[in-house]
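Order of the sequence lines sets the chain letters (A, B, ...), proteins ahead of strands, with each chain counted from 1. Only heavy atoms go into these numbers, but all of them, side chains included; no hydrogens, no water, no symmetry mates. From a predicted model like this one, the values you see are computed outputs, not experimental measurements.
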Amino acid sequence: MDYQFKEIEQKWQKFWADKQTFKAETNSTKPKYYVLDMFPYPSGAGLHVGHPLGYIASDIFSRYKRLKGFNVLHPMGYDSFGLPAEQYAIQTGQHPAITTEANIATYRRQLDQIGFSFDWSREVRTSEPSYYKWTQWIFMQLFNSWYNLENDKAEDISTLIEKFNSSGSADVKAVCDEDTKSFLPSDWATFTEEQKQEELLKYRLTYLRESTVNWCPALGTVLANDEVKDGFSERGGYPVEQKKMMQWSMRITAYADRLLQGLDTIDWPEPIKEMQRNWIGKSVGASVKFQVEGNDKQIEVFTTRVDTIFGVSYLVLAPEHEWVAELTTPGQKQAVENYIAQTKKKSELDRMADTKTVSGAFTGTYVVNPVSGERVQLWIADYVLAGYGTGAVMGVPSGDQRDWLFATHFNLPIIQILDAQKDIDQQADATKEGKYINSGFINGMTYKEAIPFLNNWLEEQKVGKAKVNFRQRDAIFGRQRYWGEPIPVYFKNNLPYLLNEEELPLLLPEIDKYLPTETGEPPLARAEDWIPAAGGTYELSTMPGWAGSSWYWYRYMDANNNGDFASKEAIEYWKAVDLYIGGSEHATGHLLYSRFWNKFLKDLGYTKEEEPFKKLINQGMIQGRSNFVYRINDADGKPTNTYVSAGLRKEYKTSALHVDVNIVENDTLDLNKFKNWREEYANAEFILEGGKYICGVEVEKMSKSKFNVVNPDDLIERYGADTLRMYEMFLGPLEQSKPWNTNGIEGVFKFLRKFWRLFHNEEWHFHVNDSVPTKAELKSLHKIIKKVQDDIERFSFNTSVSSFMIAVNELTDLKCKNRQILEDMVIILSPYAPHICEELWVLLGNEAGTLSYTKFPTFNPEYLVEDEFAYPVSVNGKMKMNLNLSLTLDQPEVEAILLANEQFQKFLDGKSPKKIIFVKGKIINVVV
RNA sequence: GCUCGGGUGGUGGAACUGGUAGACACGCAGGACUUAAAAUCCUGUGCACCUAAAAUGCGUGCGGGUUCGAUUCCCGCCCCGAGUACCA
């Protein structure tokens with residue numbers, strides 16, 4: 001029979017599901033391998049052709065690893081809490097659980113059609129109570145923990161209480177709020193329970209704090225920094241403003257250093273690591289306090305070059321700094337107010353983009369340099385950011401170009417501080433070379449000497465200290481939404497208390513509407529009779545989107561465990577994710593939060609690995625490729641009924657209109673389908689080129705409104721899943737972003753038919769023989785064994801598809817019908833095209849379902865050994881001819897043969913060779 | 001501005017440590033089969049020159065360098081994409 005992909009694929013998908021072929025066992029004599037995809041949010045639109053790209057790659061890898069003798073864990077699930085379902089609920093009144101359920105069903109159907117080897121017995125859904133019970137449980141562990149800097153890890157809060165009992169707060173080294181009290185054990189004993197809780201909250205790894213948050217009025221919720229782009233929400237693009245709110249936060253800053261160091265131990269794409277480093281934004285320096293003249297205030301600045309402090313010639317506050325009004329003299333009041341008004345007018349974007357213009361205003365006030373005693377002017381300028389460091393900066397014009405421009409512009413002194421600084425009347429010189437001059441008690445020191453000396457001095461004088469500054473802030477954890485995990489906390493006397501563990505999961509209550517209340521409270525405030533057993537009131541905000549995804553890879557290890565988030569044995573066995581494939585858009589969100597929770601769980605001894613994802617691959621984004629038709633407009637610019645082919649459109653006045661890419665093939669429009677597509681085109685007329693209507697092309701985001709969404713279902717219907725899988729890989733390197741087009745899919749489909757035909761005779765009857773394989777057949781086979789192995793291991797899937805085509809072309813030409821050869825071909829191809837391979841495997845006489853766990857053929861280099869090689873002969877580096885020579889020959893013999901060759905003599909053109917370069921098995925190059 | 005990618009035929013792309021640039025496919029052209037079309041199969045296909053073939057020349061963003069030999073290494077520049085940004 002001809003290649004009946006539809007029958008074959010349905011048959012094997014059913015077989016795999018019924019037999020649970022890909023169920024992973026948590027104990028095995030085989031080595032383990034954990035392949036994870038970033039689980040999807042099940043959106044209403046279903047999968048488009050871009051989604052499966054990474055899943056196909058990870059599936060090929062998983063299947064390959066099974067064949068290589070690994071016990072592979074390859075699970076899938078759904079990140080099913082989220083905003084779109086809630087927005088839909090607000091509009092329609094439909095409970096998000098219902099739409100989510102329906103969307104998941106669609107996703108599952110689509111995923112099953114592609115033939116993935118997921119172990120569905122381990123499926124997780126973050127919105128299921130049996131799952132979010134453990135998300136809540138982890139929240140409780142965070143609440144019950146503090147970060148002890150002495151041993152650099154999180155500990156149970158009880159060890160902190162012990163310290164308070166025995167020695168008070170004095171020798172506690174913790175990551176905590178800045179306003180912690182200092183007290184003796186005797187003080188602690190006198191604290192009321194409320195006072196104690198209030199103080200402990202300042203140390204807990206999840207805590208409540210009044211903080212400035214990104215408030216999105218349109219969405220009615222708070223957004224994390226990575227959910228905001230240029231002042232607009234990432235989802236929906238609504239304006240975001242700053243607002244002060246009591247909020248749950250996660251003390252991720254406690255882990256900043258470990259998150260940074262861990263990056264050096266994992267095999268991730270360098271750009272992602274770099275993005276995380278920038279996001280964390282560690283800078284090592286010092287904080288220094290400048291005394292304000294005529295005021296008791298001290299302005300604290302952060303600097304990475306404390307050694308330049310004798311070169312300070314002014315100080316700058318951010319215009320938004322809270323002391324600006326107070327520290328402005330009456331004489332300068334007008335100038336400062338004008339300046340502030342002027343900066344406010346500039347949008348955030350302008351302010352960031354315009355880094356050339358120097359601007360600022362003098363406050364009239366002077367501050368005193370604590371090191372030199374010099375008095376310097378206090379300015380405000382918008383190049384200082386209120387949100388970073390202390391919102392105040394010291395200006396050292398000789399060492400910093402921006403300070404130099406400022407000083408030059410406003411006529412402030414420029415003081416040389418290192419003898420190695422050059423041309424500082426032309427520009428700043430940031431050198432660390434040489435010895436200090438004009439620098440009081442550090443004169444003559446080097447950079448390396450000055451830094452520790454000054455840090456000590458500042459600390460002794462109590463005017464500063466060495467300090468490490470991070471750009472990253474603690475992660476805000478509350479969302480004023482319905483469709484998220486309830487936070488397992490209740491309030492009494494304004495203080496938060498955890499539920500008892502037995503009360504988990506704290507279920508989402510039913511409510512009548514999914515909007516915030518009229519008084520601006522979160523939707524959960526609408527829940528009636530939702531009262532904690534212990535009295536008081538429940539926390540009304542829910543967890544953010546990233547909560548459920550910050551630990552899900554552990555749940556897969558033991559997905560159905562009711563007594564634990566995962567058993568000790570499962571965690572011990574599966575350890576960490578060996579290969580993680582997903583998009584780079586999660587660089588500073590999911591991937592950072594996951595690393596944080598992972599480290600925390602390890603600190604408490606629940607898990608073993610410092611890093612959750614050993615190797616990360618980012619698949620590229622599949623963009624849309626839109627097609628256009630060109631409608632001709634008449635002289636008055638009115639649309640006509642005639643459409644002109646793209647190549648001829650310059651001769652007319654036209655409007656470009658999106659046309660559904662599904663009625664266009666290889667950029668040629670199907671005219672009948674076009675007429676039937678929409679009523680308005682029913683009577684369309686065309687101006688063709690070469691008898692065809694060629695459409696215009698543009699690369700855009702894949703979206704419904706651009707009619708460029710390609711759905712995997714249609715392609716599977718037409719070509720089958722095996723073709724789709726191979727074609728997506730054939731498209732180009734996995735990590736590269738590329739526009740989708742279906743132009744080459746025929747080639748892949750033809751290849752699979754050709755492969756199928758290898759096993760069949762002219763009449764399409766299955767036909768192989770048991771002859772002894774020929775040398776040529778073995779060579780083809782072993783070439784592809786090696787190639788596919790190498791390609792898969794370096795994630796170069798596109799090149800192995802090409803190699804398969806070459807191998808099948810070769811074997812077809814050799815008329816190979818040999819069982820041994822063909823059976824190995826089936827195994828090698830099976831990770832890419834599993835359905836057709838399962839079918840052929842059984843036709844070859846093997847037991848159904850054993851293909852996935854058979855052995856990948858072993859590469860034998862002997863079969864590739866050649867005794868002859870067609871040497872390219874080049875003259876002066878230009879290829880001229882090929883010369884077939886035995887590989888045993890060495891240079892003198894080769895030279896003799898070459899010089900005797902008539903054809904070669906022609907190229908010499910009578911001249912004699914100066915030098916002959918011979919590289920065995922590679923090339924002969926003759927220099928004339 | 002900085003950091004990281006990338007620039008190769010009409011198109012997607014290949015060339016893994018410097019060694020025959022353009023594998024494999026799409027598209028296109030021609031042919032076979034067919035009453036015809038589709039499907040299938042075969043042949044050709046970097047560009048220029050030439051009626052054609054042969055030959056020759058030019059060719060991996062641009063300019064230079066190293067080398068017997070450079071898509072690959074080095075220097076300078078241009079362009080595209082991603083990330084990030086007065087970070088003190």
>> What contact category does A:R757 fall into here, base, sugar-phosphate, or nothing, at under 4.0 angstrom with non-hydrogen atoms?
In response: sugar-phosphate

> Given the C1' atoms of B:U8 and B:U71, what is the spacing between them in whole Å?
Replying inline: 7 Å

> Which residues pass the side-chain hydrogen bond (donor to acceptor under 3.5 Å, both in side chains) test with A:E300, sequence neighbours left out?
Replying inline: A:S287

> Whole-Å distance between B:A82 C1' and A:H586 NE2?
Replying inline: 16 Å

>> Could you work out, with side-chain hydrogen bond (donor to acceptor under 3.5 Å, both in side chains) as the rule, every residue matching A:Y871, not counting sequence neighbours?
In response: none

> What salt bridge (Lys or Arg N to Asp or Glu O under 4.0 Å) pairs are there with at least one residue in residues 799-815 of chain A, not counting sequence neighbours?
Replying inline: A:K783-A:E810

>> Please tell me whether A:D403 and A:Y383 have a donor and an acceptor in their side chains that are separated by less than 3.5 angstrom.
In response: yes

> Looking at side-chain heavy atoms only, is the closest gap between A:S283 and A:F302 below 4.5 Å?
Replying inline: yes

> Touch check for A:K787, heavy atoms < 4.0 angstrom, all strands: base, sugar-phosphate only, or nothing?
Replying inline: base

>> So, under a plain 3.5 Å distance rule, would you say the side chain of A:D382 forms a donor-acceptor pair with the base of B:C86?
In response: yes

>> Taking the C1' atom in each of B:U66 and B:A23, what is the distance between them to the nearest angstrom?
In response: 29 Å

> Which part of the nucleic acid does A:P733 contact within heavy-atom distance under 4.0 Å: base, sugar-phosphate only, or nothing?
Replying inline: sugar-phosphate

> Counting just side-chain N and O atoms, does A:Q276 come under 4.0 Å of either OP1 or OP2 of B:G83?
Replying inline: no

> Rounded to the nearest Å, what distance is computed from the CD atom of residue A:E300 to the C1' atom of nucleotide B:A88?
Replying inline: 13 Å

> Is A:D790 paired with A:K787 through a side-chain N to carboxylate O contact shorter than 4.0 Å?
Replying inline: no

> Using a cut-off of 4.0 Å on non-hydrogen atoms, how would the nucleic acid contact of A:E735 be classed: base, sugar-phosphate, or nothing?
Replying inline: nothing

> So which pairs with a foot in residues 724-734 of chain A pass salt bridge (Lys or Arg N to Asp or Glu O under 4.0 Å), sequence neighbours left out?
Replying inline: A:D59-A:R725

>> In this structure, how many angstroms lie between the C1' atom of B:C68 and the CZ atom of A:F918, rounded?
In response: 15 Å

> Quantified in whole Å, what is the C1' atom distance between nucleotide B:U17 and nucleotide B:C73?
Replying inline: 12 Å

>> Give me the distance, rounded to whole Å, that separates B:A15 from B:G65 when you measure between the C1' atoms they each carry.
In response: 24 Å

> Which whole number of Å gives the distance between the C1' atom of B:C74 and that of B:A70?
Replying inline: 11 Å

>> If the cut-off is 4.0 Å, is A:R402 near the phosphate of B:C87, judged by side-chain N/O to OP1 or OP2?
In response: yes

> Partners of A:R753 by side-chain contact (heavy atoms from CB on, under 4.5 Å), sequence neighbours excluded?
Replying inline: A:D2, A:Y3, A:F749, A:W764

> Quick one: A:E270 CD to B:A82 C1', roughly how many Å, whole number?
Replying inline: 15 Å

> Say you pick atom P in B:G81 and the same atom in B:G19; how far apart are they, in whole Å?
Replying inline: 32 Å

> Below 4.0 angstrom from OP1 or OP2 of B:A85, is there any side-chain N or O of A:R471?
Replying inline: yes

>> My understanding is that only residues two or more places apart in sequence, or in another chain, count here; which of them pass side-chain contact (heavy atoms from CB on, under 4.5 Å) with A:I923?
In response: A:P872, A:S874, A:V919

> Taking the side chain of A:M275 as its heavy atoms from C-beta onward, which of B:C86, B:G13, B:G83 lies nearest to it?
Replying inline: B:G83

> Parallel, tilted or perpendicular: which describes the rings of A:F804 and A:F751, with under 30° parallel and over 60° perpendicular?
Replying inline: tilted

>> Rounded to whole Å, please give me the gap between CE in A:M621 and C1' in B:G83.
In response: 14 Å

> Starting at CE of A:M394 and ending at C1' of B:A88, how long is that distance when rounded to a whole Å?
Replying inline: 9 Å

> Could you write out RNA chain B as a dot-bracket string, with dots for unpaired bases, | for bases paired across to another strand, and Watson-Crick or G-U pairs counted at under 3.5 Å?
Replying inline: (((((((..(((......[....)))((((((.......))))))(((.......)))..(((((..]....))))))))))))....

> Toward the 5' end of RNA chain B, which comes first, A:G732 or A:A392, by nearest nucleotide?
Replying inline: A:G732

> What string of B, S and - do you get for nucleotides 19-33 of chain B 5' to 3' if you count protein non-hydrogen atoms under 4.0 Å?
Replying inline: BBS-BBSSSS-----

>> Please report the distance separating the P of B:A53 from the corresponding atom of B:A48, rounded so that it comes out in whole Å.
In response: 13 Å

> Does B:G9 sit syn or anti, given that only angles within 90° of 0 count as syn?
Replying inline: syn

>> If the condition is side-chain contact (heavy atoms from CB on, under 4.5 Å), which residues does A:D264 pass it with, not counting sequence neighbours?
In response: A:R277

>> Using the P atom as the point on both nucleotides, what is the distance between B:G44 and B:G22, in whole Å?
In response: 15 Å

> Nearest-Å distance, CG (A:L405) to C1' (B:A88)?
Replying inline: 15 Å

